[in-house]
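What follows is a short report on a single structure.
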Amino acid sequence: MNKDQTPPVSNFIRNIVINDLESGKHDKIATRFPPEPNGHLHIGHAKSICLNFGLAAEFGGTTNLRFDDTNPLKESEDFAQAIMNDVRWLGFEWNELRHASDYFQQLYEYAIYLIKNGKAYVDSQDAEAVRSSRGSFGVEGKESPYRNRSVEENLDLFERMKNGEFADGEHLLRARIDMTSGNMHMRDPAIYRIRKVPHHRTGDKWNIYPMYDWAHGISDAIEGITHSICTLEFEDHRPLYNWFLDNIPAPCHPRQIEFARGNLDFTVMSKRKLRELVEEGHVSGWDDPRMPTIAGLRRRGYTAKSIRTFWKEAGVAKADSIIPVGVLENAVRNDMNENAPRAMAVLDPVKVILTNYPEGESEWLEAPLHPQKPEMGLRQVPMGRELWIERGDFMEEPPRKFFRLKPGGEVRLRNAFIIKCVDFVKDAEGKVVEIHCEYDPDSRSGLPGAARKVKGTIHWVSVEHGLTAEVRMYDRLFNVPNPLADKDRDYREFLNPHSLDIVDNAIVEPVVSKGKPGDYFQFERVGYFTIDEDSANSDRPILNRTVSLRDSWAKINR
RNA sequence: UGGGACGUGGCCAAGUUGGUUAAGGCACGGGGUUUUGAUCCCCGCAUUCGCAGGUUCGAGUCCUGCCGUCCCAGCCA
């Protein structure tokens with residue numbers, strides 16, 4: 001699965017793995033990617049996926065996909081399916097598909113073990129009492145009045161909890177650790193709560209469900225995970241992770257290692273906020289091309305490889321970071337530049353008439369699909385007397401260094417010949433509606449005269465042959481780097497009103513119609529575009545702009 | 001406020017047990033090639049590792065003290 005050529009980048013987790021392998025602590029590593037099936041995966045999850053699967057692949061180990069499905073209130077099979085689809089799309093295949101729910105019986109038995117050893121008890125306080133007696137930062141917690149129940153009573157109560165004899169919230173199984181610990185997670189954490197709701201996989205078999213902390217470490221141990229990699233916010237949970245495994249006859253004791261999540265600017269990543277964006281209609285769905293979800297990025301046109309490369313280059317460490325989206329954009333550009341077939345498209349057309357081109361005639365020119373990769377072959381590009389060019393490529397009164405069409409000026413038509421502007425027509429409002437040019441037949445691509453140089457090449461599409469297309473121009477979802485930075489303003493106030501601008505009369509050359517949803521092109525001088533799935537139900541192509549080309553001219557003009 | 005972590009150039013980040021010129025990528029600046037102002041190719045870009053002391057022949061790497069940032073008070077994960 002090591003399909004990305006660049007050498008691995010060193011990071012502290014990889015070093016731990018290398019040391020564990022060299023010292024003989026493990027002769028094979030096992031990792032897991034453990035999402036809760038309660039939402040869609042986003043670019044941040046991709047970091048964890050690349051890390052877990054990447055490490056195992058590099059060192060000949062295995063990675064399980066495990067659904068952490070311990071809270072039936074929020075989870076569903078649909079999310080699980082979407083997650084599997086996303087992981088596979090990213091280019092990874094798991095060793096085994098597991099679920100925390102596969103271990104419910106074992107988890108239950110270990111809980112009984114804990115109770116029998118006096119390490120867990122049934123607390124019958126209500127949620128509010130449990131909360132208030134936990135204390136707070138700097139204030140020690142108070143022990144529950146039920147903390148010293150007999151083992152027999154605890155066993156009886158716990159079994160009855162399981163059997164459904166009590167309502168939700170009536171009792172709670174807690175680990176007996178230390179109500180005075182500075183670490184809040186060690187103040188007798190909950191292990192099992194009553195939830196009389198069906199689970200998407202176990203149905204109504206259980207009336208009690210294990211908490212994350214109880215289920216996670218044990219699941220890791222059951223699967224023989226060697227390195228349990230998670231994000232920084234679980235650092236405080238590590239002592240508890242270890243305490244649980246130290247207090248039951250666990251098959252092994254995996255090492256939990258935490259790394260910093262990777263944040264991107266100009267977006268939000270929390271599941272709750274992404275859900276709000278979808279539910280409130282700010283975007284069209286989880287797969288809206290502006291979303292940082294895997295599904296959104298995929299639809300936008302991002303390649304799986306570019307996402308893998310992005311995370312590889314970003315690295316893995318423990319320092320909080322916000323990576324500019326530009327870095328992600330750069331990753332797709334690199335990948336698409338390598339692989340995208342070229343084509344021409346005019347997004348904001350203005351008509352050019354070649355006055356010395358024979359009336360009523362047309363011809364098909366050959367153009368490479370990729371200028372640096374002749375092995376990709378050629379395409380046929382139709383040419384006629386009337387052409388569309390980009391409105392921005394003509395200026396009546398151009399600034400200095402404007403290498404495009406201007407009155408009396410010459411410019412090369414990409415893949416064709418040199419033209420000279422001899423006249424232009426404006427409408428009543430002063431808007432240019434037609435540009436008259438003469439072409440130089442000797443300068444046609446392939447002929448000796450083609451060697452003649454002119455400063456500037458512009459793209460074009462034949463009026464007669466061009467296809468009308470809808471182009472969805474996507475931009476960042478928010479107009480500030482960190483929509484959550486302002487404590488007094490809601491992040492939604494920073495939504496970018498131009499995150500989607502639809503161009504419904506773009507003109508593309510015929511090859512584009514041969515593409516299928518998911519296929520992508522570089523429209524020369526414009527950017528990288530992907531055919532959207534909506535094209536399937538449309539009489540004309542619908543394209544998503546994945547990312548623009550780098551544009552140093554635009555930069556100079558800023 | 002108690003506990004846990006982090007702080008290397010604009011953004012990421014390497015820097016294994018202190019050893020001598022502080023990787024690499026992105027961004028940026030300059031030059032070259034080019035029928036995409038794209039790509040590609042050169043070259044430049046931290047006397048300095050949050051700050052202040054200390055230990056040492058020698059410290060980003062060890063010690064002390066400050067400062068700053070993040071996480072934890074769900075019967076969520």
Side-chain angles (χ1 to χ4, degrees), chain A residues 6 9-12 15 18-19 34-36 38 68 70-71 73-75 123 126-127 130-132 134-141 168-174 180-187 189-195 209 211-213 215-216 230-239 258 260 262 265 271 312-324 326-327 330-331 333-334 337-338 342 344 367 370-372 401-404 412-418 443 445 450-459 522-527 548-556:
Chain A
T6 56
V9 175
S10 177
N11 65 60
F12 76 102
N15 289 341
I18 290 171
N19 285 337
E36 180 185 15
N38 70 341
D68 236 321
T70 57
N71 184 358
L73 252 27
K74 302 179 172 180
E75 300 151 2
D123 194 345
D126 61 23
V130 169
R131 193 191 61 72
S132 62
R134 182 153 29 233
S136 58
F137 302 153
V139 180
E140 293 182 353
D168 289 14
E170 254 186 88
H171 301 284
L172 179 70
L173 185 70
R174 293 227 257 170
T180 69
S181 172
N183 182 342
M184 302 300 283
H185 297 283
M186 298 301 271
R187 321 245 269 221
I191 299 178
Y192 268 98
R193 75 293 216 179
I194 299 170
R195 275 240 209 302
Y209 291 94
M211 297 292 289
Y212 162 86
D213 288 297
H216 204 88
C230 60
T231 44
L232 246 33
E233 68 269 26
F234 291 101
E235 273 175 322
D236 287 349
H237 296 239
R238 188 172 1 113
E258 311 85 11
D265 62 7
K271 259 177 200 169
K312 175 179 282 188
E313 289 177 352
V316 176
K318 295 187 73 167
D320 295 313
S321 67
I322 298 178
I323 304 169
V327 179
N330 187 67
R333 281 197 191 97
N334 285 158
N337 176 52
E338 274 287 307
R342 313 286 131 127
M344 293 190 286
H370 188 121
Q372 278 83 231
K401 293 202 166 179
F402 183 78
F403 307 149
R404 306 178 187 182
R412 173 172 286 282
L413 292 181
R414 176 79 172 152
N415 297 124
F417 32 65
I418 295 169
S443 65
S445 298
R452 183 157 80 85
K453 303 283 185 205
V454 288
K455 192 75 184 171
T457 298
I458 64 173
H459 56 97
Q522 182 200 91
F523 288 153
E524 293 186 294
R525 302 211 310 133
V526 181
S548 66
L549 245 37
R550 275 204 193 81
D551 188 350
S552 52
W553 171 242
K555 206 183 289 174
I556 290 167

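Keep in mind that the numbers below use all heavy atoms, side chains included, and drop hydrogens, waters and symmetry copies. Below, chains carry the letters A, B, ... as their sequence lines are ordered, and counting in each starts from 1.
- The aromatic ring of A:F137 is stacked on the base of B:C72, with the two ring centres less than 5.5 Å apart and the planes inclined by under 30°.
- Side-chain atoms of A:H237 come within donor-acceptor range of the base of B:A77, with a qualifying N/O pair under 3.5 Å.
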Contact state string [nucleotides 13-19 of chain B, B base, S sugar-phosphate only, - no protein heavy atom under 4.0 Å]: SSS----

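- When distances are taken from the side chain of A:N330 to each of B:A73, B:A77, B:A27, the shortest belongs to B:A27.
- Residues passing the side-chain contact (heavy atoms from CB on, under 4.5 Å) test with A:I322 are A:N263, A:D265, sequence neighbours excluded.
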Under 4.0 Å protein heavy-atom contacts per nucleotide of nucleotides 37-44 of chain B, with B for base, S for backbone only and - for none: BBB-----

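- Here the nucleotide nearest the side chain of A:I323, chosen from B:C12, B:A77, B:A73, is B:C12.
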Could I get a table of every N or O pair under 3.5 Å where one atom is in the protein and the other is in nucleotides 59-61 of chain B?
none

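- Taking the side chain to side chain donor-acceptor pair (under 3.5 Å) definition, one finds that A:N183 meets it with nothing, sequence neighbours left out.
- A salt bridge links A:R174 with A:D123: the closest approach of a Lys/Arg side-chain nitrogen to an acidic carboxylate oxygen falls below 4.0 angstrom.
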Intra- and interstrand pairs of RNA chain B - dot-bracket, Watson-Crick/G-U under 3.5 Å, | marks other strand: .(((((((.[[[..)...(....]]].(((((.......))))).....[[[[[..)....]]]]])))))).....

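- Remark on RNA chain B: of its neighbouring residues A:S445 and A:G182, the 5'-side contact belongs to A:G182, judged by nearest-heavy-atom nucleotide.
- Residue A:R187 places none of its side-chain N or O atoms closer than 4.0 Å to OP1 or OP2 of B:G2.
- If you check B:C72, B:G74, B:A77 against the side chain of A:R134, the one that comes closest is B:G74.
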